[in-house]
Amino acid sequence: MKESVIYQDIVQKEAFKLISRMLKRRFSDIDASLGEQVRNLSAEQLENLGEDLLDFSEIADLVAWLEQQDRD
């Protein structure tokens, strides 16, 4: 079941909702293009972002993290 496309889609959407709330709380509103980049992350990447977000002190940390994901 965990391998099903529907299950993965639900997991990704729920992870995105949580990370979006965390980003809004940490940085208020973020740029729409950054939001779109976050939306396009996989569920695993969103989980990693959730952990790393605890160490971010400014929006530039998020930008750098997203750039790193593009390189990987």
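Residue numbers run from 1 in the order of the sequence given.
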CD/Glu36 to CG/Asp31 distance, rounded to the nearest 0.5 angstrom?
11.0 Å
Does Leu54 have more than 12 heavy atoms from other residues, nucleotides or ligands lying within 6.0 Å of its CG?
yes
dist Ser57:OG -> Phe27:CZ (nearest 0.5 Å) comes out at 7.0 Å
Give, for atom CD of Gln69 and atom CG of Asp72, the distance between the pair rounded to the nearest 0.5 Å.
5.5 Å
Quick check on side-chain contact (heavy atoms from CB on, under 4.5 Å): which of Ile10, Asp9, Val11 does Lys13 satisfy it with?
Asp9
Step by step, would you call Asp29 with Lys24 a side chain to side chain contact (heavy atoms under 4.5 Å, CB included)?
CA-CA 5 Å; Asp29 288 325; Lys24 185 172 182 152; 3.7 Å; yes
Would you check if Ser20 and Lys17 make a side-chain contact, meaning some heavy-atom pair closer than 4.5 Å?
no
Atom of Arg39, atom of Gln12 and distance for their closest heavy-atom approach:
O-NE2, 2.9 Å
Between Leu18 and Leu34, is there a shared hydrophobic cluster once you connect ILVMFWY residues whose side-chain heavy atoms come closer than 4.5 Å?
yes
To the nearest 0.5 Å, tell me how far Ile19 CD1 sits from Gln45 CD.
11.5 Å
So, the side chain of Asp61 versus the backbone of Glu58: is there a donor-acceptor pair under 3.5 Å, distance only?
yes
Test your reading of the model: is there a side-chain donor-acceptor pair from Arg26 to the backbone of Phe56, 3.5 Å cut-off?
yes
Once you round to the nearest 0.5 Å, how far does CG of Leu41 lie from CG of Leu46?
5.0 Å
Can you see whether Glu44 engages Asn48 through a side-chain donor-acceptor pair at a distance of less than 3.5 angstrom?
no
